[in-house]
2 protein chains.
Amino acid sequence: MGKCEQCIVREFSALKTLTKDELITMSNCKTASTIKKGEAIFMEGENVNGVFCIKAGVCKMTKLSANGKDQIVKLTQKGELLGQRSLISDEPTNLSAIAVEDMEVCFIPKSEIIGFFNQNNAFSMSLMKSVCGDLKDADDMMVSLAQKNVKERLAQTLLYLEEKFGLLEDNSLRLQLSREEIASIIGTATESCIRLLSEFKKLGLIELQGKKITILDKVKLKRIVE
Amino acid sequence: MGKCEQCIVREFSALKTLTKDELITMSNCKTASTIKKGEAIFMEGENVNGVFCIKAGVCKMTKLSANGKDQIVKLTQKGELLGQRSLISDEPTNLSAIAVEDMEVCFIPKSEIIGFFNQNNAFSMSLMKSVCGDLKDADDMMVSLAQKNVKERLAQTLLYLEEKFGLLEDNSLRLQLSREEIASIIGTATESCIRLLSEFKKLGLIELQGKKITILDKVKLKRIVE
DNA sequence: ACTTTTATATGACAATTATCATATAATGCC
DNA sequence: GGCATTATATGATAATTGTCATATAAAAGT
């Protein structure tokens with residue numbers, strides 16, 4: 001099994017502040033696993049009892065609404081940790097984590113993380129900063145959902161997907177989501193999402209080929225977002 | 001000036017985990033002040049350089065949207081701390097804090113809080129739990145904004161205002177907000193908010209007298225929220 | 001390869017929500 | 001107390017968005 005000391009992925013999360021000794025301890029208690037696209041890492045309401053460190057792949061953090069639809073609250077990728085909030089709050093998780101690509105993750109038990117939190121100030125501060133970053137993103141998202149219309153939010157989301165996940169060699173968005181998933185980020189009906197994508201295509205802002213989306217005019221998209 | 005050791009308000013925040021000595025230290029460096037209704041404690045983009053502990057009154061945490069409207073992201077009251085997130089992230093604050101009632105607050109400098117964070121594990125854990133609670137609330141809010149319609153969100157907000165801030169002797173909501181402020185919580189136009197309040201009144205769900213709102217039928221309101 | 005299922009696309013229409021106009025009530029100010 | 005300003009209320013209308021129906025394309029299973 002891979003060793004945490006040699007895993008570059010940890011550099012992207014609070015785990016970067018762990019000492020060599022702590023990394024070795026962690027290596028000995030972690031569990032690596034593979035998650036296929038569409039499978040859940042954990043479901044809303046479960047007790048997670050640790051955190052997952054994403055080594056590869058992307059997952060969606062969703063929450064079930066009263067109307068039966070899932071809302072995507074966050075997309076998480078390589079290097080990020082899952083389940084920090086519920087671990088700290090000592091509660092069942094409030095979100096489901098579902099792979100949108102094949103993933104490799106490592107599970108680190110709660111006792112370990114709490115130990116690091118109490119003995120390593122750099123780690124606790126770094127973990128805290130990560131949660132604070134999530135909170136800031138959530139604030140921004142709330143304002144968008146409350147004040148922007150669907151067209152503006154779609155344009156914003158396309159730009160966000162490019163910024164966070166980058167492009168393939170053919171310049172299309174690297175992360176390929178279904179229309180339903182895109183709709184579930186911006187909080188609209190799938191049909192409305194499809195319709196607006198078609199409109200953006202007609203306006204020459206994007207190109208569509210199956211799940212592939214290519215941004216053609218970033219400037220105009222930004223102008224739509226305002 | 002009042003002493004933190006004797007201030008009951010601290011029992012409602014992470015400050016409850018401070019030792020007697022730490023409280024005395026804090027007492028000596030804090031600054032108390034009074035904020036009139038409508039005044040800002042701090043504005044989005046400012047460097048706050050500490051946290052505010054609310055001794056009395058309620059404030060709204062708002063964020064300016066691109067369309068020029070303010071979105072209320074959170075209502076904060078007695079016992080809660082303001083500015084924790086930006087202090088930890090070491091960034092200018094992303095929200096404005098504006099009094100919706102006359103307030104009394106105490107300012108505690110950043111250096112003090114960071115000191116407690118590093119020397120007192122119970123405090124750092126408690127502060128972390130508080131931010132995690134905010135994040136969970138933000139997730140819930142996002143799902144509501146994305147998946148519920150305005151009527152459902154208004155019903156939910158009225159029930160929330162009763163739950164968090166309670167009632168006056170005459171059974172009306174203790175926290176009196178303007179129609180514009182309520183609209184700015186649920187993310188809609190002021191006119192739409194007013195219209196739906198009138199509708200709720202016609203349906204016998206609430207009673208309106210100026211800014212006073214009295215919930216008459218909690219069961220039906222809950223049914224609207226789903 | 002063919003069938004079944006699911007995803008994407010689009011039309012038609014209904015429901016929701018925003019905007020603008022205007023009226024009235026409430027509040028603050030000299 | 002009277003005037004100015006602001007908040008609340010409601011109508012009329014337009015814009016946005018959701019829902020249902022249906023068609024086609026793509027993917028998955030046998």
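Protein chains get the first letters and strands the later ones, always in sequence-line order, with residue 1 at the start of each.
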Interatomic distance, B/K151 NZ vs C/dA15 P [rounded to whole Å]:
12 Å
Rounding to a whole Å, what distance do you find between A/L208:CG and C/dA7:P?
18 Å
Of the listed D/dT8, C/dT19, C/dA18, the closest approach to the B/S192 side chain comes from C/dA18
Using 4.0 Å as the upper bound for N to carboxylate O, is an ion pair formed by A/R174 and A/E101?
yes
Walk me through whether A/K151 and A/E199 qualify under salt bridge (charged side-chain N to carboxylate O under 4.0 Å, His left out).
CA-CA 10 Å; A/K151 193 184 293 186; A/E199 188 184 325; 3.0 Å; yes
d(CZ, B/R153; C1', C/dT17) in whole Å:
10 Å
From CG of A/L154 over to P of D/dT16, roughly how many Å is that when rounded to an integer?
15 Å
From the candidates C/dT17, D/dT16, C/dT8, the one with an atom nearest any side-chain atom of B/V150 is C/dT17
Of the options C/dT19, D/dT17, C/dT10, whose atoms approach the side-chain atoms of A/N149 most closely?
D/dT17
Between D/dA27 atom P and A/K212 atom NZ, what is the distance in whole Å?
11 Å
Lys/Arg N to Asp/Glu carboxylate O, A/K63 vs B/D139, below 4.0 Å:
no
Going by an N to O cut-off under 4.0 Å, is there a salt bridge joining A/K164 and A/E80?
yes
On the nucleotide D/dT17, are OP1 or OP2 found under 4.0 Å from the side-chain N or O atoms that A/T188 carries?
no
Heavy-atom nearest nucleotide on DNA chain D taken for B/E180 and for A/K69; more 5' hit belongs to B/E180
A/S198 side-chain N/O to C/dT10 phosphate OP1/OP2 under 4.0 Å
yes
Value in whole Å for how far the P atom of D/dG11 lies from CG of B/L196:
14 Å
So does B/K211 get a side-chain nitrogen or oxygen closer than 4.0 Å to the phosphate oxygens (OP1/OP2) of D/dT8?
yes
To the side chain of A/R195, which of C/dA12, D/dA9, C/dC20 is closest?
C/dA12
Distance in angstrom units between A/Q209 CD and D/dA27 P, rounded
13 Å
Quick one: A/L145 CG to D/dT16 C1', roughly how many Å, whole number?
16 Å
Winner on side-chain proximity to A/R179, out of D/dA9, D/dG18, C/dT8, is C/dT8
Nucleotide of C/dT8, C/dT19, D/dT8 approaching B/I194 most closely (side-chain heavy atoms)
D/dT8
Do any side-chain nitrogens or oxygens of B/T190 fall under 4.0 Å of OP1 or OP2 in D/dT8?
no
Taking side-chain hydrogen bond (donor to acceptor under 3.5 Å, both in side chains) as the criterion, tell me which of A/Q176, A/K60, A/K211 meets it with A/E181.
A/K60
Assert: residue with more 5' nearest nucleotide on DNA chain C, out of A/L197 and A/A146, is A/L197
